[in-house]
Protein chains: 2
Amino acid sequence: MSRINLSERVTIYDVAAAAGVSTATASKALNDTGRMSAETRDRIRRVARELGFRPNALARSLTRKRSFTVGLLTDDTYGRFTLPVMAGISEGLIDHGVSVFLCAVEDNPALAKVHVDAMLDKQVDGIIATGKRIDKPLPVDLSHLSVPVVYALTAAPLEAVTFVPDDRQGAQEAVDHLIAAGRTKIVHITGPGSFRVVQERASAFAETMQSAGLPVSQAAILQGTWSERWGHEAVEALWSGENHPDGIFCGNDQIARGVIDALRERTIEVPTDVSVVGFDNWEIVAEQTRPPLTTVDMNLKELGRQAGQALVRLVNGETVEQGLWKLPCMLVVRGS
Amino acid sequence: MSRINLSERVTIYDVAAAAGVSTATASKALNDTGRMSAETRDRIRRVARELGFRPNALARSLTRKRSFTVGLLTDDTYGRFTLPVMAGISEGLIDHGVSVFLCAVEDNPALAKVHVDAMLDKQVDGIIATGKRIDKPLPVDLSHLSVPVVYALTAAPLEAVTFVPDDRQGAQEAVDHLIAAGRTKIVHITGPGSFRVVQERASAFAETMQSAGLPVSQAAILQGTWSERWGHEAVEALWSGENHPDGIFCGNDQIARGVIDALRERTIEVPTDVSVVGFDNWEIVAEQTRPPLTTVDMNLKELGRQAGQALVRLVNGETVEQGLWKLPCMLVVRGS
DNA sequence: TATTTTTGAGAAACCCTTTTCTCAACGTCG
DNA sequence: CGACGTTGAGAAAAGGGTTTCTCAAAAATA
């Protein structure tokens, strides 16, 4: 009945005792459930506030069978894409009172299993898997868990709920921007063909050119590495022949940086002679080029936020349409 | 006494029933506490394994008053330094069965408070604060919490336990490397003086030069921005006068990149004519320069790991020496 | 053989909150 | 004035473990 609380932490027993009611009544007052007079409710709330009562989430989770906690699995420890996604997830979920367990698993299946088991033991309500590439899965199978799973920026089973940037739409916006600027001889300098995003952006490039009635040969798509050096080399190659392009759509910002530098070395004016558009909006690169780089932003933070909210909906028993959610990219127009 | 378990999850009641013992005995068998015959203990364990029993960490934490969970607060959502630190923390703690709550707080004090309160409600055993600069604190005061706090790569109260890279030692190794390569006219091209790391690396540069008996004027330290462009400009400035340096220690890898590019434009050979050393070991930059960049690695992952382990010690009631722990940097020798 | 000690295991309390059920008091209606 | 619906609040169980205490049986000692 009455308990003596020796620890410093204020419990609902303390609140109930101070307000002269039972813990049942106190709980109902604080959660705005049950029936009681308005005065009682207010009094309990006031007492709770004065005592600085904060419910123990562990005990609450135990009865509610909801921990308001989710797990976030990532295989990326160095990349620049994961951090904004994770930040978006964290931000989007804290609004719902949900906390996020961070689990860095590298490419280690054993480590991944340890993390997943630990999360499950801690009764997470759901799991978000995220990574560095949309065409490589995490080193653990999450498809038969007892909790819902959402994927963001990583490879996933077909029937899963997955969020990725809309590379096609982003590429299309980039090319449309070049065309709108009056460019007609446009090439695409991009990364290794083994990346899915390279395929997507390249085919969107080709399609957009065609629908604009512009010629697009296979030679207009140059695959290399994700490096400034490759941007340099590609420009060398292009300008060693005749027929120079007047617009260049680059597969990422680093390549674009190399392209712009190479053009300047050749005293070709950007954007007067040639327009350049990048991809990623990696501000540390895009804002430092001369002129500043026009590029495509993938809205990764928003992507993370949406992934988090989708998971909350699943946890609440609502349905979320399965499959690939492609979130729009946004063209950031700067000076190039 | 006997309970019927309708949910799919296996509880200790199920184990106890299947083994024909009480939950008290089952608990003791599984935790290797209490007294019982070896046969009983083995039998209970075997049954638990067969049933796939995994204890509910929530229930366990409630009685043990240890949640095996810590909070990780960061104000960095884009930087490249935080992710390895976080990964190190996560890795170092999972070995102790500890999970990590990720909280991205930007520079928002209200958001930070929400996160801290949520963590405390969830009974975290401790908190790690991490950020992007060692001279800027997080937007929340963590100094009077009921749980221990450890700081990593962020500004902290003097009496706190804090982990940062040893910038002085790193700078010293860089300069020593240049001296060992026979360089005598060495300059330091670095970032804005408002950064503490700039001060530290610069003064270590000066001291190392002096102890080697080499002249070091104030003009040998050039402060600018953390950009390739500044590396370019600095080289322009240096080579516009007489008396060119034969060794350059750069404040970060981007500056070094700019320096190397500018030198190549002037057909100055690296490392034949001039040796260049960077700082950060940002592989995406350092491995792409021509030649690949010799640079200082801050061992951020290890730093995170140590911060996590220090927190575990504090949580266990062990003492950890207060103050600034400066963890050694490591020179990565490549081609420059 | 009688007494003490050790051993093995279970009953019950506890951790903190939520939730269902019960119940007295009160007001309303016929 | 008796039957009945409301209202306000509490008792108790539940959630899944851990831990302290108790106690009978077995073993050791006298």
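Hydrogens, waters and symmetry mates play no part in the numbers below; they use all other heavy atoms, side chains included. Letters A, B, ... mirror the listed sequences (proteins, then strands); counts begin at 1.
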Classify the nucleic acid contact of A:T40 as base, sugar-phosphate or nothing, counting any heavy atom under 4.0 Å across all strands shown. sugar-phosphate
Mind calculating the distance between CG (A:L62) and P (C:dT17) to the nearest angstrom? 12 Å
Within the pair A:K65 and D:dG16, is there a side-chain N or O less than 4.0 Å away from OP1 or OP2? yes
What is the distance, to the nearest angstrom, from the CE atom on A:M36 to the P atom on D:dA11? 14 Å
Let me know, please, whether B:V21 or B:T63 comes out on the 5' side of the other along DNA chain C by nearest nucleotide. B:V21
Would you say A:T11 reaches C:dC15's phosphate, i.e. side-chain N/O to OP1/OP2 under 4.0 Å? no
Residue pair A:L153 / A:P165, side-chain heavy-atom distance below 4.5 Å: yes
Rounding to an integer number of Å, can you tell me how far A:L58 CG sits from D:dG17 P? 13 Å
Identify whether NZ of Lys or CZ of Arg in B:R49 sits under 6.0 Å from the centre of the six-membered ring of B:F53 and within 45° of that ring's axis. no
Rounded to whole Å, the OH-P distance (A:Y13 to C:dC14) equals 10 Å
B:A24 side chain, from C-beta outward: closest of D:dA11, C:dG8, C:dA11: C:dA11
Would you kindly compare A:T23 and A:R41 by the position of their nearest DNA chain D nucleotide and give the one closer to the 5′ end? A:R41
Determine whether a donor-acceptor pair (one donor, one acceptor, N or O, separation below 3.5 Å) exists between the side chain of B:K28 and the base of D:dG17. no
Contact check, side chains of B:K65 and B:Q123, non-hydrogen atoms, under 4.5 Å: no
What is the distance, to the nearest angstrom, from the CD1 atom on A:I12 to the C1' atom on C:dT17? 6 Å
For the ring pair A:F163 and A:Y151, is the centre-to-centre distance below 6.0 Å? no
Contact under 4.0 Å: A:N31 side-chain N or O vs C:dT17 OP1/OP2: no
Answer with base, sugar-phosphate or nothing: what part of the nucleic acid does A:S27 contact at a heavy-atom distance below 4.0 Å? base
In whole angstroms, how far is the P atom of D:dG15 from the CG atom of A:N56? 18 Å
Using whole Å, what does the distance between atom P of nucleotide D:dG16 and atom CG of A:D121 come to? 14 Å
Regarding B:R35, tell me which of base, sugar-phosphate or nothing describes its non-hydrogen contacts under 4.0 Å with the strands shown. base
Check whether any side-chain heavy atom of B:L303 sits under 4.5 Å from a side-chain heavy atom of B:M298, and report yes or no. no
Comparing B:T25 and A:R54 on DNA chain C - which has the more 5′ nearest nucleotide: B:T25
Just the rounded figure in Å: distance from P of C:dC16 to CD of B:Q123. 9 Å
